[in-house]
Amino acid sequence: MPTGDASAVGPRGPSTQVRGADDPAEGAFDLRIPTSADGPLMWELARDAGGLDVNSRYAYLLWCRDFADSSVVAGSEGRLAGFITGYRRPDSPDTLFVWQVAVGPDFRRRGLASRMLDHLAGSARPSGVRFVEATVTPDNKASLHLFESFARANGADLTRDVLFSEHELGSDHGPEVLQRIGPLPERSDPGSRPFSGSFEPLTSGLAGPDGRGPAPD
């Protein structure tokens with residue numbers, strides 16, 4: 001688990017505090033937009049989480065600069081507990097593509113991945129996002145469950161289709177199956193959103209910049 005205070009620089013945007021699981025004793029998570037100070041910590045968390053394709057430090061730093069508004073980090077007691085990196089598709093600005101999801105080993109089984117995804121999608125809805133996409137390999141049951149749960153909680157359709165085949169990705173990689181969720185219900189207040197469940201995958205990673213998806217959980 002990476003060390004350091006992920007909130008040392010201070011949030012760039014509004015911060016939302018959510019409880020871990022349903023037990024106040026589990027502590028609260030502070031969800032906010034990442035800053036450049038979070039980049040190295042995100043790299044460390046991805047490296048230590050297991051089952052993720054770890055991108056370079058440079059990639060995470062660039063993500064915090066260029067795609068911060070479509071990403072989220074979760075802090076707990078001065079530590080980086082988890083993150084989601086995402087972006088709005090240039091040719092489909094109503095679609096949020098979730099690139100990578102990571103939860104630190106000390107913060108699993110508290111519903112944090114679901115809460116981060118719900119928070120991120122809800123924050124994007126007022127600016128016109130109606131669909132969420134991600135790619136998952138067929139053997140990554142945890143990630144499949146995460147997006148199924150999110151679709152159910154939002155009353156949205158979930159469709160699946162192969163985005164990149166084994167031939168395109170290489171023989172040592174399974175197909176990346178696109179999960180497309182939507183349309184999402186219109187909500188003007190992201191704070192009024194229900195959480196999308198308490199299910200927490202052990203590691204939930206989606207395809208990284210090198211085109212490789214995660215190892216199975």
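Given the structure is predicted, the values throughout are model-derived calculations rather than measurements.
Scanning both residues, A74 and L31, for their nearest heavy atoms gives CB-CD2, 3.4 Å. Nearest heavy-atom pair across V132 and A121 is CG2-CB, 4.2 Å. The shortest heavy-atom contact between L52 and A102 is CD1-CB, 3.6 Å.
Neither L62 nor I33 shares a network with the other; the hydrophobic side chains, linked directly or stepwise wherever heavy atoms of I, L, V, M, F, W or Y lie under 4.5 Å apart, form separate groups for each. Cluster annotation: F164 is connected to F97 through the hydrophobic network of ILVMFWY side chains, with a link wherever side-chain heavy atoms come within less than 4.5 Å. By the rule that hydrophobic residues join a cluster once side-chain heavy atoms approach within less than 4.5 Å of another member, F131 and V98 end up as members of separate clusters.
Rounding to the nearest 0.5 Å places CG of N154 at 4.5 Å from CZ of R125. In this structure, OG on S127 lies 10.5 Å from CG on D94, to the nearest 0.5 angstrom. Of the inter-residue distances, the one linking S71 atom OG with I84 atom CD1 reads 9.0 Å to the nearest 0.5 angstrom. A distance of 13.0 Å separates CE of M42 from CZ of R57, quoted to the nearest 0.5 Å. Note that NE2 of H173 and CG of D53 are 6.0 Å apart. Values are rounded to the nearest 0.5 Å.
At a threshold of 4.5 Å between non-hydrogen side-chain atoms, the residues F147 and L117 count as touching. Inter-residue side-chain proximity for V72 and R32 is flagged as unmet; no heavy-atom pair is nearer than 4.5 Å. Here the side chains of W43 and N55 are not in contact, with every heavy-atom distance at 4.5 Å or above.
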Scan the side chains in residues 177-184 for donor-acceptor partners under 3.5 Å anywhere in the protein, sequence neighbours excluded, and list what turns up.
| residue | atom | partner | partner atom | Å |
| --- | --- | --- | --- | --- |
| Q179 | OE1 | R160 | NE | 2.5 |
| Q179 | OE1 | R160 | NH2 | 3.4 |
| Q179 | NE2 | V177 | O | 3.1 |
| R180 | NH1 | T95 | OG1 | 3.4 |
| R180 | NH1 | E133 | OE2 | 2.7 |

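Between F67 and W63, the two ring planes are tilted [angle within 30° to 60°].
Although no hydrogens or angles enter the test, the distance criterion places no donor-acceptor pair under 3.5 Å between the side chain of S149 and the main chain of H145.
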Quiz prompt | side-chain contact (heavy atoms from CB on, under 4.5 Å) evaluation trace for F83 with Y60 | solution = CA-CA 11 Å; F83 69 81; Y60 291 103; 4.0 Å; yes
